[in-house]
A.B. asks: 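What follows is a structure written as structure tokens; I'll ask about it next.
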Amino acid sequence: MVIVGNWKMNKIVSESVKLATELVAAASSIQNVVFAIAPSYLALAKVSDVVKGTNVKLAAQDVHWENQGAFTGKVSADMLKDVGVEFVIIGHSEQRTYFGETDLSVNKKVKKVLSLEMTPIICVGETIAERKAGQLELVLSAQITGAYAGLSGDEAQRTVVAYEPVWAIGTGVTATDDEAQQAHQFVRSMIAKLYGDSTAQSISIQYGGSMKPDNAAGLVAQKDIDGGLIGGAALQVDSFLGILNAAEMRRQ
Ligand code: PGA
């Protein structure tokens, strides 16, 4: 089980430190779930000091694929690694929709993050129009094939996938357990096609899109759902903890 809280463009540094501090205290008994928080770039260094030595891991919301240099506004994988980041969210649908992220840029970022021994969380998912047009599998297979292009089996094994139906993100509408399970099963079958069954079985596939304490248990009970990428519900300790507890219970 891997649960990651994506704080998106929320919380100034002091608020981020406060939330992280509260989470460290509240989640100290979580043992069987790997979990992380992804504050803004600006808050990473301070939040890193708060979570160091605890069971809370640090994630970033994006990265640039180049090492360094004249790339105004961007943050390199080196910089993230330096402040203790372990997971990097790549190809989030908001990046794809608003900021021109493509399967090619996702692929470059994934390779860079893997080269520095961090874990990329590769986000995939269809829009409602694509789902209605029967293109779910077409979209997922293009996104997966693009993200994994040129990766070895060993590299693929060190990735996490987040299936996030775009129509469920921030809308309060969640995919049903069955809808999510079907998509997850398809993603796993795609990885199996590319890298074989044992790699496919070993990769965690998170669900994302309006995951909350009251629907988390049903989702994580599904065979191919191995965790969650949480937006809105990660902004309060209680709701994030509720999801962590649901994941913790599934494990036992
Ligand atoms: P949400 O966001 O939980 O607010 O729907 C999920 C995400 O964007 O990762």
Side-chain angles (χ1 to χ4, degrees), residues 1-11 15-16 19 23 27 33-41 43-44 47 56-63 85-101 106 109-110 113 119-128 130-131 139-140 143-144 147 159-177 179-181 183-184 187 204-220 222 225-247:
M1 280 280 134
V2 186
I3 305 278
V4 175
N6 174 11
W7 294 2
K8 308 191 179 182
M9 198 173 72
N10 293 290
K11 300 196 182 289
E15 293 167 340
S16 302
L19 179 55
L23 182 66
V33 178
V34 172
F35 66 105
I37 48 178
S40 74
Y41 281 148
L44 278 172
V47 168
V56 183
K57 295 182 185 301
L58 197 61
Q61 298 177 20
D62 190 26
V63 65
V85 166
E86 294 184 54
F87 293 91
V88 184
I89 299 167
I90 297 175
H92 190 281
S93 75
E94 287 148 19
Q95 282 287 329
R96 293 179 191 259
T97 306
Y98 306 134
F99 305 115
E101 184 93 275
V106 166
K109 292 174 180 184
V110 168
V113 162
T119 302
I121 298 175
I122 300 165
C123 301
V124 298
E126 82 290 1
T127 63
I128 194 64
E130 289 162 344
R131 175 170 277 263
V139 169
L140 293 181
Q143 290 174 336
I144 292 286
T159 62
V160 167
V161 178
Y163 167 65
E164 300 202 296
V166 178
W167 45 273
I169 296 177
T171 57
V173 180
T174 319
T176 64
D177 296 347
E179 283 169 338
Q181 165 57 24
H184 279 236
V187 169
S204 292
I205 307 175
Q206 302 176 309
Y207 169 80
S210 298
M211 195 164 177
K212 309 274 181 235
D214 61 356
N215 60 28
L219 287 162
V220 299
Q222 303 305 307
I225 300 186
D226 309 310
L229 184 54
I230 322 297
L235 295 172
Q236 281 96 34
V237 170
D238 286 355
S239 44
F240 194 55
L241 192 66
I243 294 170
L244 290 175
N245 280 329

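Numbering of ligands and ligand atoms starts at 1, following listing order. Quick caveat, the model's predicted, so the values are computed rather than measured.
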A.B. asks: For Ala180, does its backbone N or O pair with a side-chain atom of Gln222 as donor and acceptor, under 3.5 Å?
C.D. replies: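 The answer is no, because no donor-acceptor pair under 3.5 Å joins these two groups.
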A.B. asks: Is it true that Lys8 lies under 4.0 Å from ligand 1, counting heavy atoms only?
C.D. replies: yes
A.B. asks: Report, as yes or no, whether the 6.0 Å neighbourhood of atom NZ on Lys8 holds more than 12 heavy atoms from other residues, nucleotides or ligands.
C.D. replies: yes
A.B. asks: Using a 4.5 Å cut-off on heavy atoms from C-beta on, say whether the side chain of Ile3 contacts that of Ile243.
C.D. replies: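 Ile243 reaches Ile3 side chain to side chain.
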A.B. asks: Any donor-acceptor pair under 3.5 Å linking the side chain of Asp226 with the backbone of Ile205?
C.D. replies: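 Side chain of Asp226 to backbone of Ile205: a pair is present.
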A.B. asks: Closest by any non-hydrogen atom to atom 1 (P) of ligand 1: pick that one out of Ala234, Ala168, Pro165, Gly231.
C.D. replies: Gly231
A.B. asks: Just distances here: any N/O of Glu94 and N/O of ligand 1 closer than 3.5 Å?
C.D. replies: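 No: no nitrogen or oxygen of Glu94 is under 3.5 Å from one in ligand 1.
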A.B. asks: Say whether Glu130 and Thr127, considering side chains only, have a donor N or O and an acceptor N or O under 3.5 Å apart.
C.D. replies: yes
A.B. asks: Side chains of Tyr163 and Glu126 only: does a donor on one sit below 3.5 Å from an acceptor on the other?
C.D. replies: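 Per modelled atom types, Tyr163 and Glu126 side chains form a pair under 3.5 Å.
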A.B. asks: Within the 4.0 Å heavy-atom shell around Ile169, which atoms of ligand 1 are there?
C.D. replies: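 What qualifies from ligand 1 is 2 (O), 5 (O), 8 (O).
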A.B. asks: May I ask whether Gly208 has any heavy atom positioned less than 4.0 angstrom from an atom of ligand 1?
C.D. replies: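 Contact absent.
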A.B. asks: What are the atoms of ligand 1, with element, lying closer than 4.0 Å to any heavy atom of His92?
C.D. replies: 7 (C), 8 (O), 9 (O)
A.B. asks: Is it true that a side-chain atom of Arg96 and a backbone atom of Cys123 form a donor plus acceptor pair closer than 3.5 Å?
C.D. replies: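 Side chain of Arg96 to backbone of Cys123: a pair is present.
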A.B. asks: Does ligand 1 have any atom that is closer than 4.0 Å to a heavy atom of Ala233?
C.D. replies: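 No heavy atom of Ala233 comes that close to ligand 1.
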A.B. asks: So, is Gly170 polar-close to ligand 1, with some N/O to N/O distance under 3.5 Å?
C.D. replies: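 Among all N and O atoms of Gly170, at least one is under 3.5 Å from an N or O of ligand 1.
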A.B. asks: Check this for me - ligand 1, Ile230, N or O atoms closer than 3.5 angstrom, yes or no?
C.D. replies: no
A.B. asks: In the protein, which heavy atom is nearest to atom 7 (C) of ligand 1, and how far is it?
C.D. replies: Glu164 OE2, 3.1 Å
A.B. asks: Can you sort out the partners of His92 under ring pair (Phe, Tyr, Trp, His ring centres under 6.0 Å), two or more places apart, ordered by chain and number?
C.D. replies: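 Testing His92 for ring pair (Phe, Tyr, Trp, His ring centres under 6.0 Å), a comparison that skips the adjacent residues, returns none.
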A.B. asks: Indicate yes or no for a side-chain donor-acceptor contact from Tyr41 to the backbone of Val63 under 3.5 Å, with no hydrogens or angles considered.
C.D. replies: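 Here the side-chain-to-backbone pair exists.
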A.B. asks: Under 4.0 Å from a heavy atom of Leu229: which atoms of ligand 1 are those, numbered in the order shown and with their elements?
C.D. replies: 6 (C), 9 (O)
A.B. asks: With atoms numbered from 1 as shown, which atoms in ligand 1 lie under 4.0 angstrom from a non-hydrogen atom of Gly232?
C.D. replies: 1 (P), 3 (O), 4 (O)
A.B. asks: Could you tell me which atoms of ligand 1, counted from 1 in the order shown, lie closer than 4.0 angstrom to a heavy atom of Ser210?
C.D. replies: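 Ligand 1 atoms under the 4.0 Å threshold to Ser210: 1 (P), 3 (O), 5 (O).
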